[in-house]
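Data first, discussion second: the structure below is written as structure tokens.
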Amino acid sequence: MKSKAKVVVVGGGVVGVSALYHLAKKGWSDVVLIERKELTSGSTWHAAGLLPLFNMSYSVGQLHKYAVNLYKTLEEETGKNVGFSVVSNIRLASTKDRMDEYFQYAGVAQTIGVDVKFLTPDQVKEIWPLCNTTDLVGAIQHPEDGYIQPADLTQALATGARNRGAEIYRNTNVVGMKQTKDGWVVETDKGSIECEHIISCSGNFARQTGKMVGLDIPVIPVEHQYIVTEPHPEIQKEKKMDYQRWEF
Ligand SMILES: Cc1cc2nc3c(=O)[nH]c(=O)nc-3n(C[C@H](O)[C@H](O)[C@H](O)COP(=O)(O)OP(=O)(O)OC[C@H]3O[C@@H](n4cnc5c(N)ncnc54)[C@H](O)[C@@H]3O)c2cc1C
């Protein structure tokens with residue numbers, strides 16, 4: 001492990017590795033990342049990887065747009081498949097108020113160049129015959145929405161960062177961060193690193209890493225459930241038909 005670096009990123013989830021990748025891409029090659037276990041072993045490992053562009057904020061919308069464009073080029077750059085599938089996304093409205101929200105959203109989407117389409121209940125049924133469209137007012141569709149494999153994305157970003165000179169230290173726990181007159185010292189269970197900047201991307205551990213620099217970070221983890229089911233024959237049938245539609 002190095003004893004000096006320009007930047008130390010703490011946490012090897014998708015956020016930390018992406019920060020490392022982007023610093024390296026900007027030409028900051030003297031950057032390192034420290035992860036207590038394996039890359040993605042925090043929340044990133046559990047994420048479904050849905051990439052919904054639907055967002056009422058101009059700034060966050062821009063970030064989403066940037067990310068989706070990056071995911072399209074990352075495989076070519078790193079040789080790693082990130083499991084990015086653009087399958088579109090349909091949001092249903094069963095009340096007029098919800099539909100109004102979609103109309104308002106469409107205005108925001110237009111200003112940031114995100115494509116949206118409005119669908120009638122019959123069009124929804126045509127796209128997804130398993131949908132119960134009774135009492136549906138309408139829907140909004142994002143043709144560019146999709147999903148990605150978060151762990152594969154993180155590994156691709158790590159490859160991109162390493163290719164530009166960044167280093168990643170796994171199974172290394174950050175136990176302290178001390179400010180000095182020249183910058184910082186990051187203490188780990190495997191030694192210390194002097195650096196100019198620390199970027200803390202410790203996810204659910206933000207309270208603990210915050211405490212190391214005297215901050216009381218007001219965040220708490222919330223439960224986020226997911227269900228794993230057996231394959232459903234009706235859904236599998238639809239998927240096969242979808243692929244056939246693509247082949248034509
Ligand atoms: C069930 C579920 C489904 C989700 N679905 C989606 C989805 O569909 N779409 C979406 O956009 N988001 C989704 N998310 C949210 C997404 O997973 C998180 O927003 C994202 O993974 C957070 O990344 P992160 O890098 O900030 O945190 P993490 O992935 O948790 O990474 C933090 C890392 O820091 C490390 N660390 C902590 N303390 C230290 C220390 N002292 N020293 C060294 N390393 C340390 C940890 O080991 C960990 O690896 C979902 C989350 C869950 C749980």
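The analysis underlying the following values was restricted to heavy atoms, covering all of them including side chains, and did not include hydrogens, waters or symmetry mates. Along the sequence shown, residues carry numbers from 1. Keep in mind the model is a prediction, meaning the values are calculated, not measured. Order of listing sets the numbers, starting from 1, for every ligand and every atom in it.
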Nearest non-hydrogen protein atom, atom 31 (O) of ligand 1: Gly13 CA, 3.4 Å
From the candidates Ala47, Gly11, Gly16, the one that places a heavy atom nearest atom 13 (C) of ligand 1: Ala47
Check: Gly49 N/O within less than 3.5 Å of ligand 1 N/O: yes
Identity and separation of the nearest protein heavy atom to atom 40 (C) of ligand 1: Asn173 OD1, 3.5 Å
Residue Tyr226 vicinity, atoms of ligand 1 by number, heavy atom under 4.0 Å: 1 (C)
Residue Ile34 vicinity, atoms of ligand 1 by number, heavy atom under 4.0 Å: 43 (C), 44 (N)
Nearest neighbour in protein (non-hydrogen) for atom 8 (O) of ligand 1: Leu50 N, 2.9 Å
Flag if over 12 foreign heavy atoms under 6.0 Å of CZ, Arg98: no
Pro150 contact mode with ligand 1 (heavy-atom cut-off under 4.0 Å): neither
Residue part near ligand 1, for Thr172, under 4.0 Å between non-hydrogen atoms: backbone
Whether His197 and Trp28 hold their rings parallel, tilted or perpendicular, with breakpoints at 30° and 60°: tilted
Candidate with minimal heavy-atom separation from atom 21 (O) of ligand 1, of Leu51, Leu33, Thr44: Thr44
Ligand 1 N/O within reach of Val15 N/O, cut-off under 3.5 Å: yes
Salt-bridge criterion met for Glu101 and Arg91 (N-O under 4.0 Å): no
Identity and distance of the protein heavy atom lying nearest atom 5 (N) of ligand 1: Ala48 N, 3.1 Å
Residues, nucleotides or ligands: over 12 heavy atoms within 6.0 Å of Lys211 NZ: no
Salt-bridge present (Lys6, Glu196; N to O < 4.0 Å): yes
Electrostatic pair Arg36:Asp189 at N-O distance under 4.0 angstrom: no
With Lys96 via salt bridge (charged side-chain N to carboxylate O under 4.0 Å, His left out) - residues at least two apart: Asp100
For the student: nearest non-hydrogen atoms of Asp115 and His142, plus distance: O-ND1, 3.8 Å
Val14 neighbourhood, listing ligand 1 atoms whose heavy-atom distance to it stays under 4.0 Å: 23 (O), 25 (O)
Nearest neighbour of atom 52 (C) of ligand 1 from the list Arg36, His224, Gln225, on a heavy-atom basis: His224
Per-atom contact, atom 19 (O) of ligand 1, protein heavy atoms, under 4.0 angstrom: no
Lys37 atom NZ: more than 12 heavy-atom contacts under 6.0 Å: no
Ser192 side chain reached by Val185 side chain, heavy atoms, under 4.5 Å: yes
Closest protein heavy atom (residue, atom, distance) for atom 41 (N) of ligand 1: Val174 O, 3.0 Å
Nearest option to atom 53 (C) of ligand 1, as decided by whichever heavy atom of Lys37, Arg170, His46 sits closest: His46
CE-CE distance between Met177 and Met212, expressed to the nearest 0.5 angstrom: 5.5 Å
Option with minimal heavy-atom separation from atom 30 (O) of ligand 1, where the choices are Ser41, Gly203, Ser43: Ser43
Closest to atom 35 (C) of ligand 1 among Gln208, Glu38, Glu35 (heavy-atom distance): Glu35
Between CD1 on residue Ile168 and CD on residue Glu38, distance to nearest 0.5 Å: 11.0 Å
